[in-house]
Novice: 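Take a look at this one; I'll ask things after.
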Protein chains: 2
Amino acid sequence: MQTLAEFKNLIHLSKRQICEEIFSENADKIKVKKPERVVKNLAKIFDATLSISNAKGFQAMSLRDLSEASGLSMGALYSYFTSKDELVHMIQEQGRRVTTRVLTEHIEAVQGALEQLRAVIVAHLYISEVLQPWFYFSYMEAKNLPKKQRKEAIVSELGTEKLISDILIQGQTQGIFRLTDPELSAALVKALLQDWYLKRWKYRSRDISVETYAGTVLEWVERFVLV
Amino acid sequence: MQTLAEFKNLIHLSKRQICEEIFSENADKIKVKKPERVVKNLAKIFDATLSISNAKGFQAMSLRDLSEASGLSMGALYSYFTSKDELVHMIQEQGRRVTTRVLTEHIEAVQGALEQLRAVIVAHLYISEVLQPWFYFSYMEAKNLPKKQRKEAIVSELGTEKLISDILIQGQTQGIFRLTDPELSAALVKALLQDWYLKRWKYRSRDISVETYAGTVLEWVERFVLV
DNA sequence: GTCTATACATAGATAGAC
DNA sequence: GTCTATCTATGTATAGAC
């Protein structure tokens, strides 16, 4: 099984690079034009947003809180987004893009249903480890978002689940897996994957590493799906 | 396996009864004195609170929202609680009391580790089905609560998990179960239990009944823990 | 017991100086 | 580009009539 360190090397996912992507996607809405400055300040803004929101909720985070934590004045903040809703949208959009890319790349890198199942499980756990604040935020705030963004979140949730159920179905037609309901099985796998980033405080306090967790999930799933 | 209908008959859990308990626990803080009236209005207030909060978040629910949805004026609301924090505390407290009672009763009703494991899994799924809005609320809002209440929520989370891990350990010493890490296994079981009430929209849209879900979880868990 | 009216604080957002 | 000062809306909570 791939380790987290190997995974990190493979994906080259720097905070800087993510913010650069966000900048180029939202260049029209961001009033500041000097790329280097934008990237630096966006990183501060996103970090602070995730940190405060994950502690007490996005709605409860005032822009004065954000101003203080990010080190930018309220006026300056509004040079990087035009409303609180737009801020959360930028964050959501970018996290989804990265996640989808990483998962599909890891699935396509290997052959065979069992290998692909292992790949998607491990990749999901590792990417949620690397981007834990984003995953937690995304899960917890989804229901509080404006309607359009809520829809996007649901599509995304079902999308990753379909990656898993497709693999399960493929394995079943190949005679490798045996399942009564691949969709339900995929949902349960997803639940195990999500618990990692939802309860990270618990696993950390028990010194459970993501590799240990991944190993256990793989055992559970394989014992259930394999013929 | 017990059905949901049988479970409901067994626990005699009426909304009315729950609100009566809340009343007697908080008689000092509630200004209205006529029991019948209090119970009726508390039910309206709690229903509306859970419904609005689960749609857009407790913090985003204004007391004007709550006033409109419950049919009570803002002034009247404050006859039943003295602050928004106290309202959420009443709700949390009561749900926890009911849940703990139901789970321990169901565990103590049967003998043997495997039977107890089955009992706690099914009971947890069923009680979270009956009180779904409360479970969802409790999970989603826990991190946004004031410090003292947040602690209580964590204690409660770890408490139910310990019910499971104790059973696992007991089964292991009896030679019925084989596990490398009972605590981690209990955590994974809990994750599966929680997914039921966290994603109920998904399971409902797929016509998965709680009995079907319970059956699948039992299969997964048994295949993993049994020697 | 419940209502309406209102006090007071804090929220998001913007204008204009630098 | 960023700041301070400020506008307006909305929040929680309460007072006092009924």
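First the proteins, then the strands, lettered A, B, ... as listed; each starts at 1.
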Novice: Can you tell me the distance, in whole Å, between the CG atom of B:Leu63 and the C1' atom of C:dT10?
Specialist: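 Interatomic distance, CG of B:Leu63 to C1' of C:dT10: 15 Å.
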
Novice: Could you tell me if the ring centre of A:His106 sits under 6.0 Å from that of A:Phe7?
Specialist: yes

Novice: May I ask you to say what B:Ser62 touches in the nucleic acid, namely base, sugar-phosphate or nothing, with a heavy-atom cut-off under 4.0 Å?
Specialist: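 Counting heavy atoms under 4.0 Å across all strands, the contact made by B:Ser62 is with sugar-phosphate only.
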
Novice: Using a heavy-atom cut-off of 4.0 Å across all strands, would you classify A:Phe81 as base, sugar-phosphate, or nothing?
Specialist: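 Nothing, no nucleic acid heavy atom in range.
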
Novice: Classify A:Lys33 by what it touches in the nucleic acid, base, sugar-phosphate, or nothing, heavy-atom distance under 4.0 Å.
Specialist: sugar-phosphate

Novice: Across the strands shown, which category fits B:Arg37 at heavy-atom distances under 4.0 angstrom: base, sugar-phosphate, nothing?
Specialist: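 The residue B:Arg37 makes sugar-phosphate contact but no base contact.
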
Novice: Tell me if a side-chain donor or acceptor on A:Ser67 pairs with a main-chain N or O of A:Leu63 at a distance below 3.5 Å.
Specialist: no

Novice: Write down the distance between NZ (B:Lys84) and C1' (C:dA9), rounded to a whole number of angstrom.
Specialist: 15 Å

Novice: Checking B:Ser138 against B:Gln92: is there a side-chain donor and acceptor pair closer than 3.5 Å?
Specialist: yes

Novice: Students often get this wrong, so: under 4.0 angstrom with heavy atoms, is A:Asn41 touching a base, only sugar-phosphate, or nothing?
Specialist: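 Answer is sugar-phosphate: A:Asn41 comes under 4.0 Å of backbone atoms only.
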
Novice: Can a donor-acceptor pair be found, under 3.5 Å and without considering hydrogens, that links the side chain of A:Arg16 to the backbone of A:Ala43?
Specialist: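 Side chain of A:Arg16 to backbone of A:Ala43: no pair is present.
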
Novice: Quick one: how far along DNA chain D does chain B reach, first to last nucleotide 5' to 3', anything under 4.0 Å to a heavy atom?
Specialist: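 For DNA chain D, the relevant span reads D:dG11 to D:dT14.
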
Novice: Just to be sure I understand the rule, does A:Asp85 reach a base, reach only the sugar-phosphate, or reach nothing, if contact means heavy atoms closer than 4.0 Å?
Specialist: nothing

Novice: Counting just side-chain N and O atoms, does A:Tyr78 come under 4.0 Å of either OP1 or OP2 of C:dT14?
Specialist: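 No, no such contact exists.
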
Novice: Under 3.5 Å, is there a donor-acceptor pair between the side chain of A:Gln59 and the main chain of B:Gly57?
Specialist: no

Novice: Nearest whole Å is fine: how far is C:dT10 C1' from A:Gln59 CD?
Specialist: 12 Å

Novice: List the atom pairs, donor and acceptor, that lie under 3.5 Å between side-chain atoms in residues 157-164 of chain B and the rest of the protein, sequence neighbours left out.
Specialist:
unit_1   : atom_1 : unit_2   : atom_2 : d
B:Glu157 : OE1    : B:Lys190 : NZ     : 3.1
B:Glu157 : OE1    : B:Gln194 : NE2    : 3.1
B:Glu157 : OE2    : A:Lys199 : NZ     : 3.2
B:Thr160 : OG1    : B:Ser156 : O      : 3.3
B:Thr160 : OG1    : B:Glu157 : O      : 3.1
B:Thr160 : OG1    : B:Lys190 : NZ     : 3.1
B:Glu161 : OE1    : A:Lys202 : NZ     : 2.6
B:Glu161 : OE2    : A:Arg206 : NH1    : 2.9
B:Glu161 : OE2    : A:Arg206 : NH2    : 3.0
B:Lys162 : NZ     : B:Asp166 : OD1    : 3.4
B:Lys162 : NZ     : B:Asp166 : OD2    : 3.1

Novice: Quick one: does A:Tyr126's side chain have a donor or acceptor within less than 3.5 Å of a partner on A:Gln2's backbone?
Specialist: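 Yes; at least one donor-acceptor contact below 3.5 Å.
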
Novice: On DNA chain C, check which nucleotide each of B:Met74 and B:Lys34 is closest to and give me the residue with the more 5' one.
Specialist: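 Its nearest nucleotide being more 5', the pick is B:Lys34.
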
